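No hydrogens, no waters, no symmetry mates; every other heavy atom, side chains included, goes into these values. Owing to the predicted nature of the structure, the values given are computational and were not obtained by experimental measurement. In each ligand, atom 1 is the first atom listed, and ligand 1 is the first ligand listed.
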Amino acid sequence: MAGSAIEIKGLRKTYAGTRHAPPKEALKGLDLDIPEGSIFGLLGPNGAGKSTTINILAGLVRKSAGQVKIWGFDQDENPRQSRAAIGVMPQEINMDPFFKPRDLLELQAGLYGVPKAERWTDEILELVGLSDKAETYARSLSGGMKRRLLLAKALVHRPRILVLDEPTAGVDIELRSMLWRNVRKLNEQGMTIILTTHYLEEAQEMCDEIAIINHGDLIIRDRTEALLAQMDAKTMLITPMGDAPDITLPQGVQLTRREDGLLAFDYNRHKTSANAILDAVRAAHIDIADVKTTEADLEDVFLSLTSGR
Ligand SMILES: Nc1ncnc2c1ncn2[C@@H]1O[C@H](COP(=O)(O)OP(=O)(O)OP(=O)(O)O)[C@@H](O)[C@H]1O
C-alpha cells in the first residue's frame, strides 16, 4: 500500500474573535490521511474549513492544535522539509504586476533555495503554456494566464505534493482542460495532487479519493467509486408510445410524469429491480419506446451527506 503524503491528526483551528464577532472554531479535530500518488479531492460546503486546512498545510495559517505531517515531516519539528515537500496554487491572484513570468519563477526558485543548475523554469513555462509570455509583464497577462503563472510558481521547487485551491473557479473551458491535462501529467510523474473545487462533476471525474468536510469535521473519506456505490438511488426514464394510463407501482417506487411525456421512476436499486418496474409498465399495457437509467452522482452523495447538518 502507498504511504501517506499528508497525515493530519486532531487538527484544530479557532480564529480569534473581534469586537464584533465571537471566536470561530473552523476545524474541530480533523483527522485525515492523504495517500501518496493520489488525486485527492477535499470537498465541503462554504465555510466547511477547506481553505483553513489548505492554508495550514501551506504554512499560511497557524493551527491551534493537532499534528500535521507533510511527506513524513512534522510541520513543527521539520518546518523546512515539510515546506519544501508542498507547492500551493492559491485561490487568489497574488503576484507582483511588475515582474515577468520568467523572473518571477526564478525569484520564487531562489526563495526556495533551488540551486541554479536544478531549476526548470523553461520547462515549467512550457508546461503551463506561457513560453511566449516569459518576458511579458505580469500586469498585462490575462486573468487565465495569471492563473497559469500561479500554477507555475507552485512548481518551482519540484514539490512532491501539489495543492490546488479552487483552481478552475471562473476560468474558461480551454484553460480548465489545460489545467486538468497538466495535473494528470504531473500526477503520472508521481506528484500527489490535492484539490478543492465547487464543481462536483469535476471532482468525480478527476479524483481517485474524496474527503467531504463540514463544520470543521470530516464527514466521509473514501475512494470516489466507493462513495458513488453507496448511493442506491436510481432513476429509470421511460418514453411511452402513446398515452400512459395508471400504473400499479412496485412498493417503494415513485413515479413522476414529466411535462415532456417521460415517465421517471425513482427507486432504490437494492430494494427494487429494474425488471419489476418494466413488468409494472408492461402490465399497464404501455408500449415502451425508450428506456434509460441514471446513477447517483457525486452531487447526490454530497447533498445527502451535507444538507441539513
Ligand atoms: N481569518 C479568519 N477570521 C475569522 N474567521 C475565519 C477566518 N477565515 C475563515 N474563517 C471562518 O472559518 C470557517 C471556515 O472557513 P474556510 O475559509 O476554511 O471555509 P471553506 O470550506 O474554505 O469555505 P469556502 O468554500 O467558502 O471557501 C468559516 O466560518 C469562516 O467564516
Shortest protein contact, atom 11 (C) of ligand 1 (heavy atom only): K24 CG, 3.7 Å
Nearest protein heavy atom to atom 27 (O) of ligand 1, by residue and atom, and its distance? S51 OG, 3.7 Å
Would you check whether H198 reaches within less than 4.0 Å of ligand 1, judged by its heavy atoms? yes
Indicate the ring-plane relationship of F98 and Y137, choosing parallel, tilted or perpendicular according to the 30° and 60° boundaries. perpendicular
The protein heavy atom nearest to atom 9 (C) of ligand 1 is Y15 CE1, 3.3 Å
Between K133 and K100, is any pair of side-chain heavy atoms under 4.5 Å apart? no
Is A16 near ligand 1, meaning one of its heavy atoms is under 4.0 Å from it? no
Distance under 6.0 Å and angle within 45° of the ring axis: does K69 meet both against F73? no
T293 versus K234, closest heavy-atom pair with distance: OG1-NZ, 3.9 Å
Checking heavy atoms under 4.0 Å, the part of A21 that sits near ligand 1 is neither
Within the structure, does at least one protein heavy atom fall under 4.0 Å of atom 31 (O) of ligand 1? no
Identity and distance of the protein heavy atom lying nearest atom 14 (C) of ligand 1: G47 O, 3.3 Å
For atom 19 (O) of ligand 1, the closest protein heavy atom turns out to be G49 N, 3.2 Å
Does any part of the side chain of K50, heavy atoms only, come nearer than 4.5 Å to the side chain of I213, both counted from C-beta? yes
Does the Lys NZ or Arg CZ of R221 fall within the cation-pi geometry relative to F40 - under 6.0 Å from the ring centre and within 45° of the axis? no
Grouping I, L, V, M, F, W and Y whenever their side-chain heavy atoms are under 4.5 Å apart, do V163 and L11 come out in a common cluster? yes
protein heavy-atom neighbour closest to atom 16 (P) of ligand 1 works out as T52 OG1, 3.6 Å
Do I34 and I161 have side chains that get closer than 4.5 Å, going by heavy atoms? no
Can you get from I56 to W71 by hopping between Ile, Leu, Val, Met, Phe, Trp and Tyr side chains that sit under 4.5 Å apart? yes
Which atoms of ligand 1 are found less than 4.0 Å from any heavy atom of P45? 21 (O)
Do me a favour and list the nearest non-hydrogen protein atom to atom 25 (O) of ligand 1 with residue, atom name and distance? K50 NZ, 2.7 Å
Atom indices of ligand 1, in the order listed, that fall short of 4.0 Å to a heavy atom of A48: 19 (O), 20 (P), 21 (O)
When you measure from atom 12 (O) of ligand 1 to every protein heavy atom, which one gives the shortest distance, and what is it? A26 CB, 3.4 Å
